[in-house]
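For reference, the structure discussed in these notes is given below.
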Amino acid sequence: MPAVADPAKELRFTRARQAVVFWLGAAVLAVAGILCLAVAPARAANPQLPAPWWGLAPLVLAGLAARTAVRCSRHAYLIFTPIGLEIFPFFRPAAGMQLVPWGQVAAAETDDPPTRLTLHFNPGQTAGIHLSLAPIPKPQRRLVARAITGLMEQRAGGGGDGPSQQQTRPDIHEFWFPRTLADR
């Protein structure tokens, strides 16, 4: 997996929206497991209640769901880097990671509201990738759309194959001496 020389120049988007589903599933399974264990003392009076060991299965599944939720929250789905766009699948992300270099992308677009990102590999827009933005929280989808639009505009304006390596800084005079009302 390619490493970025300056991690501050990358933009990460996680599967945080998918994590919510796994957190809810973990909570429901944990409650079911705890309920099976909690009714165990009453089993002597009512033998139709489930055995306490039945509570272990939902607790194990709750642990797996919580682990998956943590992974979805922490690990990236899309990473915008100076090299290109890194795409990580849900299953085996380290092995299935795909890097799409900015030089390979002829055009990019998102629908409105942003639910899908389309990267076109040729000017005729006959080859490319469709990426679902459903795993990304809704407020962050607009950021994905703005990031890809900004990158494509920068490339169209002669910005090269990707984001600029140099950060633009305001003129030192404007930084230390802001314009007064008379200067405007």
Side-chain angles (χ1 to χ4, degrees), residues 1-25 64-175 178-179 184:
M1 178 164 44
V4 177
D6 188 5
K9 293 183 180 177
E10 66 182 27
L11 188 57
R12 296 174 164 259
F13 295 96
T14 64
R15 297 178 177 270
R17 187 163 183 236
Q18 281 180 327
V20 172
V21 175
F22 287 105
W23 280 121
L24 289 174
L64 291 173
R67 181 176 180 257
T68 303
V70 168
R71 289 187 56 81
C72 285
S73 298
R74 285 187 183 170
H75 298 287
Y77 168 49
L78 297 175
I79 302 178
F80 290 83
T81 67
I83 299 169
L85 178 65
E86 296 178 19
I87 307 164
F88 294 90
F90 186 79
F91 296 108
R92 298 186 308 159
M97 188 272 296
Q98 182 177 1
L99 175 65
V100 179
W102 293 121
Q104 186 178 352
V105 178
E109 61 187 355
T110 59
D111 50 356
D112 192 35
T115 57
R116 185 178 57 202
L117 171 64
T118 304
L119 302 175
H120 300 287
F121 294 155
N122 59 6
Q125 298 183 352
T126 58
I129 297 176
H130 292 291
L131 297 168
S132 173
L133 299 179
I136 300 172
K138 287 183 180 181
Q140 292 182 358
R141 291 181 196 172
R142 293 263 179 226
L143 296 176
V144 172
R146 283 181 35 200
I148 198 71
T149 303
L151 288 170
M152 291 298 111
E153 287 174 359
Q154 183 181 18
R155 287 192 59 212
D161 283 346
S164 173
Q165 294 293 332
Q166 299 176 359
Q167 293 190 5
T168 58
R169 287 189 250 175
D171 183 27
I172 193 72
H173 180 64
E174 290 181 12
F175 181 77
R179 291 190 288 174
R184 293 183 187 178

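Numbers here simply count residues along the sequence, with the first being 1. Just so we're clear, the structure is a prediction, and the values are computed from it rather than from any experiment.
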Task: Non-hydrogen side-chain atoms of Val144 and Leu11 separated by less than 4.5 Å - done: no
Open item on the list: For Leu117 versus Leu85, what's the shortest heavy-atom pair and its separation?
Closed with: CD2-CD2, 4.2 Å
Under 3.5 Å, which donor-acceptor pairs link side chains of residues 72-80 to any protein atom two or more places apart or in another chain?
residue: Ser73; atom: OG; partner: Ala69; partner atom: O; Å: 3.0
residue: Tyr77; atom: OH; partner: Ser132; partner atom: O; Å: 2.7

Open item on the list: Just verifying a value: how many Å separate Gln104 CD and Leu119 CG, rounded to the nearest 0.5 Å?
Closed with: 9.0 Å
Task: Side chain proximity check, Phe22 to Leu24, heavy atoms < 4.5 angstrom - done: no
Open item on the list: I need the minimum non-hydrogen distance between Gln125 and Ala107, along with the two atoms involved.
Closed with: NE2-CB, 4.0 Å
Task: Qualifying side chain to side chain donor-acceptor pair (under 3.5 Å) pairs, either residue in residues 135-148, two or more places apart - done: Asp112-Arg142
Open item on the list: Measuring only between side-chain heavy atoms, which start at C-beta, is Glu86 closer than 4.5 Å to Met97?
Closed with: yes
Task: Nearest non-hydrogen partners of Ala106 and Pro123, listed with the distance - done: CB-N, 4.0 Å
Open item on the list: Can you list everything that forms a side chain to side chain donor-acceptor pair (under 3.5 Å) with Thr118? Sequence neighbours excluded, please.
Closed with: His130
- [ ] Using a 4.5 Å cut-off on heavy atoms from C-beta on, say whether the side chain of Val70 contacts that of Trp23.
- [x] yes
Open item on the list: Is any side-chain heavy atom of Pro135 closer than 4.5 Å to one of Gln18?
Closed with: yes
Task: Smallest separation among heavy atoms of Ala127 and Asn122, with atom names - done: N-OD1, 3.5 Å
Open item on the list: A side-chain contact here means heavy atoms from C-beta on lying under 4.5 Å apart; do Met152 and Trp102 qualify?
Closed with: yes
Task: Heavy-atom check, side chain of Leu131 versus side chain of Ile129, under 4.5 Å - done: yes
Open item on the list: Looking at every non-hydrogen atom in both residues, tell me the closest pair between Gly84 and Thr81 and how far apart they are.
Closed with: O-OG1, 2.8 Å
